[in-house]
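What follows is one structure encoded as structure tokens, with my remarks underneath.
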Amino acid sequence: MMNSFQVDCNGYYGNFGGAYIPEILHKCVEELKINYLKVLNDESFQQEFNQLLRDYVGRPSPLYLANRLSQRYGCKIYLKREDLNHTGAHKINNTIGQILLARRMGKTRIIAETGAGQHGVATATVCALMDMECIVYMGKTDVERQHINVEKMKMLGATVIPVTSGNMTLKDATNEAIRDWCCHPANTFYIIGSTVGPHPYPDMVARLQSVISEEIKKQLTEKEGRDYPDYLIACVGGGSNAAGTIYHYLDDERVKIVLAEAGGKGIETGMTAATIQLGKMGIIHGACTFVMQDEDGQIEEPYSISAGLDYPGIGPMHANLAKQNRATVLAVNDDEAIKAAYEMTKLEGIIPALESAHAIGALEKMDFKPEDIVVLTVSGRGDKDIETYLNYNL
Ligand SMILES: *Cc1c(COP(=O)(O)O)cnc(C)c1O
């Protein structure tokens, strides 16, 4: 089971990962570390998780052969349709898994951080489903930018707390959630929304999202007679949809992994979220990974037109994949992502989330052979981004 690209028994991916946490959280994180594999592998958990994924989320999500997009890029492109999930993105796979775990650990209070509000909505949704108290920390800037998602969380019964420290965005919301956790360690479960944070979160989130690559294997076998593609492409913010997409292929060298990070206005402009290419080793939110920081080690504010990708860190799994050259990392700029979204909408009638548009924007930067089989994960749908698309002057 263990191999060089999966987490090791100390919580590291190569030199990345670990659990750098304040003393007061030690017990919480240790409790989680002791329990998560036991629970995730437990038969009753598996049964409840899989049933909810099927009947509540709508899985398996289709693997759709995009004919016109394939023609355009001269290869065979399949889209993994996470945009068709309940709540409109892959995030719900993870929140369902974590809330089932929280319940089994006897926790009664759920907290979460959110940037664009997608993880906040996915968390508030499962809290309504499971009748649990839900508190979502969200930067004040994002509360204003992502009004509809705030309304949704409220209707779902969550308390949304606007965070006014720092830039008032995702990084600050995460700091505040960690602070809350420190104050209520006994009854509170912190549902983290991506493959970030202290061990075991990155591994736990990757496992819960790995249903994506499990399905790709089955679906490709049916459609192509082989269970692996030549390329896997996904966008990376913290890394969870990418981790889910590649999980069962990490050690399959026949499969090339392409990660699309947000170039923003261009990686040389200072207005970018290309953390893997520009970040330096540092510690952010409990993990050692690439972090956007200045010469004094101060975290630099990332920028991307997509609120789901402007995180100044990156999951330790992905940092290691890049470092070991297992993954190719491409920066896709705002304008390239928007152009790609319009192209996919026109060719396939699918409006992708702005985040997913970065994965589509990577296609143009690659050279394919006609026989190449490409699986690209559409992490979410674009409903939340329509205004941004229409207001952008290409
Ligand atoms: C949150 C989000 C992302 C980025 O998060 P990852 O953890 O990197 O997957 C990408 N796409 C959509 C639609 C999202 O909501």
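The structure presented is a predicted model; accordingly, all values stated were derived computationally and were not measured. Counting convention: from 1, in listed order, for ligands and their atoms alike. Position 1 is the first residue of the sequence; numbering continues from there.
In this structure, Tyr231 and Phe368 have perpendicular ring planes: the angle between them is above 60°, well past the 30° mark.
Protein heavy atom in closest approach to atom 4 (C) of ligand 1: Gly308 O, 3.4 Å. Scanning the protein for heavy atoms near atom 10 (C) of ligand 1, the closest one is Glu355 CB, 3.4 Å.
His285 and Tyr201 share no donor-acceptor pair across their side chains, judged by distance under 3.5 Å alone. Thr377 and Thr245 share a side-chain donor-acceptor pair at under 3.5 Å. For the residue pair Ser356/Ser379, the side-chain donor-acceptor check at 3.5 Å is satisfied.
Ligand 1 has a nitrogen or oxygen under 3.5 angstrom from a nitrogen or oxygen of Gly237. Residue Ser240 has at least one N or O atom closer than 3.5 Å to an N or O atom of ligand 1. For ligand 1, one of its N or O atoms has an N or O atom of Ser194 under 3.5 Å away. Annotation: Ser379 places an N or O atom under 3.5 Å from an N or O atom of ligand 1; distance criterion only. Polar contact check, Gly239 against ligand 1: a nitrogen or oxygen pair lies under 3.5 Å apart. Of the polar atoms of Gly238, at least one N or O is found under 3.5 Å from an N or O of ligand 1, judged by distance alone.
Near Val236, meaning under 4.0 Å from one of its heavy atoms, ligand 1 places the atoms 8 (O). Ligand-side atoms of ligand 1 in range of Ala353: 13 (C), range being under 4.0 angstrom from any heavy atom. When each atom of ligand 1 is checked for a heavy atom of Gln118 under 4.0 Å away, the hits are 15 (O). Using a 4.0 Å cut-off to heavy atoms of Gly380, the atoms of ligand 1 that qualify are 13 (C).
For the pair Glu144 and Lys140, the salt-bridge criterion is met [side-chain N within less than 4.0 Å of a carboxylate O]. Taking the charged nitrogens against the carboxylate oxygens, Arg179 and Glu176 do have a contact shorter than 4.0 Å, which makes a salt bridge. At a threshold of 4.0 Å, the pair Glu113-Lys171 does not count as salt-bridged, since none of the basic side-chain nitrogens sits closer than that to a carboxylate oxygen.
Within the 4.0 Å heavy-atom cutoff, Arg381 does not count among the residues contacting ligand 1.
Contacts with ligand 1 closer than 4.0 Å are made by side-chain heavy atoms of His90 only, the backbone lying farther away. The proximity of Asn241 to ligand 1, defined as any non-hydrogen pair under 4.0 Å, involves the side chain as well as the backbone. Only the side chain of Lys91 comes within contact range of ligand 1, with a heavy atom under 4.0 Å; no backbone atom does.
By the neighbour-count criterion of 12 heavy atoms within 6.0 Å, atom NZ of Lys256 is densely surrounded, having more than that number from other residues, nucleotides or ligands. Other residues, nucleotides and ligands contribute at most 12 non-hydrogen atoms within 6.0 Å of the NZ atom of Lys154. Atom NZ of Lys280 has more than 12 neighbouring heavy atoms from other residues, nucleotides or ligands inside a 6.0 Å radius.
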